[in-house]
Trainee: 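One structure follows; several queries about it will come next.
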Amino acid sequence: MTEPASSEPAQPDPSVRLAELEGEVARLRDTVLRSNADQQNQQRRHQREREELRKFATAALLEDLLPALDSLNLGLESAAKQADGRAVAEGFRMAVGQLRSILSAQGLTEVNTVGQPFDPARHEAVGSEPSAAVAEGTVLRVARSGWTLHDRVLRPAAVFVSAGPAK
């Protein structure tokens, strides 16, 4: 004889159900860990971006000030060559010194180029001249100073480069 059909549904095996739940817990744990790692990475990225922004926020202002510094330096050189301009030259020298101090405090540094090998990332060649004393490809003189802001080139130095001995 056949057994009568039970009105209760069949119960799944408890060990199978436990394995399914453990798998679900492991998947959720992995999702939470990945989410936390993503959040930490994003926080670090935002921190780096804030530091970069703070570090280079003054770049446009400093770049605008450089022509004024160039003019002061030219005036200083001109006044120093004239006998009656010594007092004016000293005034220019003090103004240039103060301006350089302010710019230096903001992270601006003049690119030292004379005698250095030409570097297209830091120099702009405006001409070349023969020189028996200076090796080819070396900076002979500076036409306009170059500047870096926290090791990033703000304005390349305009330089004359040695073409080597005259032929």
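One is the number of the first residue; the rest follow in order along the sequence.
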Trainee: What closest approach, in Å, do Phe160 and Ser128 show between heavy atoms, and which atom pair accounts for it?
Mentor: CD2-N, 4.4 Å

Trainee: Would the number of heavy atoms belonging to other residues, nucleotides or ligands and lying under 6.0 Å from CG of Asp30 be above 12?
Mentor: yes

Trainee: State whether Arg34 and Asp38 are salt-bridged, where the test is any N-O pair (Lys NZ or Arg NE/NH1/NH2 against Asp/Glu carboxylate O) under 4.0 Å.
Mentor: no

Trainee: Are Arg48 and Glu51 close enough, and set up right, to give a salt bridge (Lys or Arg N to Asp or Glu O under 4.0 Å), and what steps lead you there?
Mentor: CA-CA 5 Å; Arg48 276 193 312 271; Glu51 288 171 7; over 6 Å; no

Trainee: Please give me the minimum heavy-atom distance between Val126 and Ala158, naming the atom from each residue.
Mentor: CG1-CB, 3.8 Å

Trainee: Measuring from Leu21:CG to Arg17:CZ, what's the distance to the nearest 0.5 Å?
Mentor: 4.0 Å

Trainee: Could you go through Arg27 and Glu22, starting from their C-alpha distance and side-chain angles, then the distance that decides it, and tell me whether this counts as salt bridge (Lys or Arg N to Asp or Glu O under 4.0 Å)?
Mentor: CA-CA 9 Å; Arg27 187 185 64 76; Glu22 285 175 345; over 6 Å; no

Trainee: For Asn36 and Val32, what are the C-alpha separation, side-chain angles and deciding distance, and is it a side-chain contact (heavy atoms from CB on, under 4.5 Å)?
Mentor: CA-CA 6 Å; Asn36 286 342; Val32 167; 3.8 Å; yes

Trainee: Say whether, by atom type as modelled, one donor and one acceptor occur between the side chain of Ser35 and the main chain of Thr31 under 3.5 angstrom.
Mentor: no

Trainee: Between the side chain of Arg144 and the main-chain N/O of Pro156, is any donor-acceptor distance below 3.5 Å?
Mentor: yes

Trainee: To the nearest 0.5 Å, what is the distance between CZ (Phe118) and CD (Glu124)?
Mentor: 8.5 Å

Trainee: Please tell me if the side chains of Trp147 and Leu69 come closer than 4.5 Å, counting only heavy atoms from C-beta onward.
Mentor: yes

Trainee: Would you mind reporting whether Gln39 and Gln42 have side-chain heavy atoms less than 4.5 Å apart?
Mentor: no

Trainee: Determine, using the 4.5 Å side-chain heavy-atom cutoff (strictly less than), whether Leu99 and Leu149 are members of one ILVMFWY cluster.
Mentor: yes

Trainee: Any carboxylate oxygen within less than 4.0 angstrom of a Lys/Arg side-chain nitrogen, looking at Asp70 and Arg155?
Mentor: yes

Trainee: Short question: side chain of Ser162, backbone of Gly164 - any donor-acceptor pair under 3.5 Å?
Mentor: yes

Trainee: If you look at every heavy atom in Asp13 and Ser15, which pair is closest and at what distance?
Mentor: OD2-OG, 2.9 Å

Trainee: After noting the C-alpha distance and the side-chain angles of His46 and Glu49, does the key distance pass the side-chain contact (heavy atoms from CB on, under 4.5 Å) rule?
Mentor: CA-CA 5 Å; His46 286 311; Glu49 289 171 358; 3.7 Å; yes

Trainee: Just wondering, do Leu74 and Glu77 contact through their side chains at under 4.5 Å, heavy atoms?
Mentor: yes

Trainee: When hydrophobic residues are tied together by side-chain contacts of less than 4.5 Å, even through go-betweens, does Leu154 share a cluster with Leu72?
Mentor: yes

Trainee: Identify the residue among Thr138, Leu140, Val161 that makes a side chain to side chain contact (heavy atoms under 4.5 Å, CB included) with Ser131.
Mentor: Leu140

Trainee: Report yes or no: do Val96 and Leu66 belong to one cluster of Ile/Leu/Val/Met/Phe/Trp/Tyr joined by side chain heavy-atom distances under 4.5 Å?
Mentor: yes

Trainee: Throw together a table of side-chain donor-acceptor distances under 3.5 angstrom for residues 105-116, partners on residues two or more places apart or in other chains.
Mentor:
unit_1	atom_1	unit_2	atom_2	d
Glu110	OE1	Arg100	NH1	2.7
Glu110	OE1	Arg100	NH2	3.4
Glu110	OE2	Ser145	OG	2.6

Trainee: Does one side chain, of Gln47 or Arg44, offer a donor that lies under 3.5 Å from an acceptor on the other?
Mentor: no

Trainee: Got Thr148 and Arg122 here, is their nearest side-chain heavy-atom distance under 4.5 Å?
Mentor: yes

